[in-house]
Enquirer: 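Below is the structure I would like to discuss, written out as structure tokens.
Quick note on labels: first sequence line is chain A, next is B, and so on, each numbered from 1. The shown structure was predicted, so the numbers you read here are calculated from the model rather than taken from an experiment.
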4 protein chains.
Amino acid sequence: MKAPAGSVPPSNESRRHDLVQAAFRGIAERGFEGLRTRDVAADAGVNIATLHYYFPTKEALIRAVIGHAMARFRSTLSPDGGSDDQLASHVRAVRTLMRRQPELGAVMGELALRSARDPGLARIMRKTNEAWHRIIRDLLHQAVRAGSIAPERDSDEAAALIMATLMSMALPSIPATRSDQAIRELDHWLRRPGPRS
Amino acid sequence: MKAPAGSVPPSNESRRHDLVQAAFRGIAERGFEGLRTRDVAADAGVNIATLHYYFPTKEALIRAVIGHAMARFRSTLSPDGGSDDQLASHVRAVRTLMRRQPELGAVMGELALRSARDPGLARIMRKTNEAWHRIIRDLLHQAVRAGSIAPERDSDEAAALIMATLMSMALPSIPATRSDQAIRELDHWLRRPGPRS
Amino acid sequence: MKAPAGSVPPSNESRRHDLVQAAFRGIAERGFEGLRTRDVAADAGVNIATLHYYFPTKEALIRAVIGHAMARFRSTLSPDGGSDDQLASHVRAVRTLMRRQPELGAVMGELALRSARDPGLARIMRKTNEAWHRIIRDLLHQAVRAGSIAPERDSDEAAALIMATLMSMALPSIPATRSDQAIRELDHWLRRPGPRS
Amino acid sequence: MKAPAGSVPPSNESRRHDLVQAAFRGIAERGFEGLRTRDVAADAGVNIATLHYYFPTKEALIRAVIGHAMARFRSTLSPDGGSDDQLASHVRAVRTLMRRQPELGAVMGELALRSARDPGLARIMRKTNEAWHRIIRDLLHQAVRAGSIAPERDSDEAAALIMATLMSMALPSIPATRSDQAIRELDHWLRRPGPRS
DNA sequence: AATGAATGAGGGTTCATTCAT
DNA sequence: TATGAATGAACCCTCATTCAT
């Protein structure tokens, strides 16, 4: 039951996770611009050389943070089943997530910006976004079938609007109050039985 | 006949502008993370010491870029008057601006993120956003009065939704196609005479 | 039944040798400049900590390599007796050794250079060189007695010339062809019965 | 009369030369193994950043040192004309050079070793060596024509022997006394009118 | 006898900034 | 106004070495 040797060096998964967590916080607080490996190591309570023992390069650490952030984010996307109106509950879940973990929002914003200059990251974000888009569209269809919202609109366009609104929460320049208002408006439109009913 | 900002000597205003422009491009292309004063100076065709002659510090240069970007951005916000449906035309104008000047979108995204760590910038963004919000809300009212959209909703909430959608265009992780879909959906909702009419 | 060097515990002699061998190869390929204990350990198939178990310090490992290299080198110097013209056969033997084990030549070059900054190594090299010098001088005398070369010259000077020529083969900047030419010339001079005979 | 701008940045040739000189000394004293840019900068009396102002990378500095060393070395090679026995005087000149500038010898040794791992340097050394070889061979021919040495031997082989002897002086493990003996022997052989006369 | 994990002390390089001209 | 030259402070990364197991 020995750990597999080779090109994936060390184990001690907890220390590894501490470092990723520290880097995550660093990015949330100071952005990629202000991310310093020494700070990360210090924040995780280890020597800078130890950081490089787990992550050969800063880039490798950042990749791990990206994986961590995306996982944390995706876990919210999956509709938790059950309710008759999963769409509304999904939107509320995202809002709650962003409210309760402002760091995650900040990091997602940083990742979004960085994806413009990082093809690998761009690919990841594209895939995640498309998956998210599909989920929302499916939830829309389901809500239409359940009769909780009006059937009239192109579901891709509606899904795009919902996603744009939700993602805008990753921009810290938009005050929480405004985000809530936007979501409330969205919610209202989605809820009503339909314009021409 | 513009007054020179701060205590900086009068100096050549055009050279100043070249530098701001170069820094603006730099931020658009490589983000704050990748902004190097030397690159800016080289891009403007001057020595690095010359840059510091005009802008004593990198921060000062960034302030100037912020001013430049905000001015460039605000000039789009002011409704160009006339038409019966200024709201729709405003939305379209913003989309067109972002499409035609992707640099401006990228920089606005960078500024939005940076505002989380830069109180001065946060204040500027807040003010601009509130002004923009008011403009949109007024356009909504006007559209209601003109009968082109339904009167039923809280105008602050509707304005917040519109702004969220528009601002989401500053996130490069959202493909242009999706942004267009979102805006089309928005447009559709805004255009129709009203849900229950 | 070799006694362990220094205060180091007895330990596995073969593992020890593997490490020395790996370090030897490392020096031959990348010089002292490029010698990394981690590479040595990896090359010997052991953990870096294991290397330090056998050799408390990098210096200690290097000492062992020096011993290894010198032993390997010296074993060629001892004239294999018999022949009437041992000097010529000795020269040929050295040339063959350098040709067949280019690593040994490279390491000897590295050691020669290092001896300028390493008094301990300098002493070793000096002793080896002097022993070698004596051997060659004796072979010269013997050849004179045997009548195979002319008696006329100062044997120390002739020995110095032979050694200089042989040692120059440790310099990789001299192409093998040139070394062969030099040795052929040497051989020729040594062989002939004497200038004025 | 402006200095040419572009990719060959700064001028101040004297500061540049100081740095090369300091690096040269560093290599002579501690070898490539012990060459530290910080030491070089300190030795030249400038900040480490200043060193990188003149040489973007350590490699670039080393290239410059190589150029410097080769130039200094080559200047000795060119026969100074005149005398009837230029060959002997050339050999003496090289010996004198090495004696008076032991640093140059040490650096040449370092370069010779390094050339095994540095193709660019290898090319330089090969060319220099071949040029030197040709010079010596020509001096041999000339000496034969002048009747000062015997005509009998293959001039390439004789030249190779002379060069090997001279280059062996770059190995610090050979004591000066031995080098002198070798050269004296060489000199003696070269001087005599010819073996069979 | 052996190793995974950790570290202190640098090592080369970069960057905003300054200064003399 | 403008610049070549210079610098202090960091930054990422490496390496020999150590320690607990």
Enquirer: Do any side-chain nitrogens or oxygens of D:T57 fall under 4.0 Å of OP1 or OP2 in E:dT13?
Expert: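 So the side chain of D:T57 is within the cut-off, an N or O lying under 4.0 Å from OP1 or OP2 of E:dT13.
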Enquirer: Could you tell me the separation between the CD atom of A:E33 and the P atom of E:dA16, rounded to a whole number of Å?
Expert: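 Whole-Å distance recorded here is 11 Å.
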Enquirer: Compare side-chain N and O positions of C:T37 against OP1 and OP2 of F:dC15 and report whether any pair is under 4.0 Å apart.
Expert: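 For C:T37, the contact criterion (side-chain N or O under 4.0 Å from OP1 or OP2 of F:dC15) is not met.
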Enquirer: Partner of E:dT14 by Watson-Crick or G-U wobble geometry, both contacts under 3.5 Å, or none?
Expert: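 Answer to the pairing question: F:dA9, which forms a Watson-Crick or G-U pair with E:dT14.
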Enquirer: Base, sugar-phosphate alone, or nothing: which one does C:L51 contact when heavy atoms must sit under 4.0 Å apart?
Expert: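 If one applies the 4.0 Å heavy-atom cut-off, C:L51 turns out to touch nothing in the nucleic acid.
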Enquirer: Within the structure, does a side-chain N or O atom of C:Y54 lie under 4.0 Å from either OP1 or OP2 of E:dA2?
Expert: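 The answer is yes; a side-chain N or O of C:Y54 sits under 4.0 Å from OP1 or OP2.
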Enquirer: Please determine, for E:dT21, whether a Watson-Crick or G-U wobble partner exists with both distances under 3.5 Å, and give it or none.
Expert: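 By the stated definition (distances under 3.5 Å), F:dA2 pairs with E:dT21.
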Enquirer: Quick check for you: among E:dA6, E:dT3, F:dA9, whose closest atom lies nearest to any side-chain atom of A:R15?
Expert: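 Nearest to the side-chain atoms of A:R15, counting from C-beta on, is E:dA6.
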Enquirer: With a 4.0 Å cutoff (strictly under), does any side-chain N or O of B:N47 reach OP1 or OP2 of F:dA5?
Expert: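 Answer is no, no contact under 4.0 Å.
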Enquirer: Using a heavy-atom cut-off of under 4.0 Å over every strand shown, decide if A:L61 touches base, sugar-phosphate, or nothing.
Expert: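 The residue A:L61 makes no contact with any strand.
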Enquirer: Which nucleotide, if any, forms a Watson-Crick or G-U wobble pair with E:dA1, using both distances under 3.5 Å?
Expert: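 Because no pair has both required distances under 3.5 Å, E:dA1 counts as unpaired.
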Enquirer: With the side chain counted from C-beta on, respond yes when A:N12 and A:R16 share a heavy-atom pair under 4.5 Å apart, and no when they do not.
Expert: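 No - every pair of side-chain heavy atoms lies 4.5 Å or more apart.
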Enquirer: What's the verdict on side chain to side chain contact (heavy atoms under 4.5 Å, CB included) for C:T57 and C:H52, showing C-alpha distance, side-chain angles and the deciding distance?
Expert: CA-CA 6 Å; C:T57 175; C:H52 275 91; 5.6 Å; no
Enquirer: Please state whether the phosphate of E:dA2, meaning OP1 or OP2, lies under 4.0 angstrom from any side-chain nitrogen or oxygen of C:Y53.
Expert: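 No, C:Y53 has no side-chain N/O under 4.0 Å of OP1/OP2 on E:dA2.
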Enquirer: Using atom CG of D:N12 as one end and atom P of F:dA5 as the other, report the distance to the nearest whole Å.
Expert: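 Roughly 6 Å, once rounded to whole Å.
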Enquirer: Under 6.0 Å from the six-membered ring centre of D:F32 and within 45° of its axis: does the NZ or CZ of D:R114 meet both?
Expert: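 Ring-cation test returns yes.
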Enquirer: When all nucleic acid strands are considered with a 4.0 Å heavy-atom cut-off, which category describes B:R38: base, sugar-phosphate, or nothing?
Expert: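 Since a base atom lies under 4.0 Å of B:R38, the category is base.
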Enquirer: Would you indicate, yes or no, if F:dT1 has its OP1 or OP2 atom less than 4.0 angstrom from a side-chain nitrogen or oxygen of B:T50?
Expert: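 So the side chain of B:T50 is outside the cut-off, no N or O lying under 4.0 Å from OP1 or OP2 of F:dT1.
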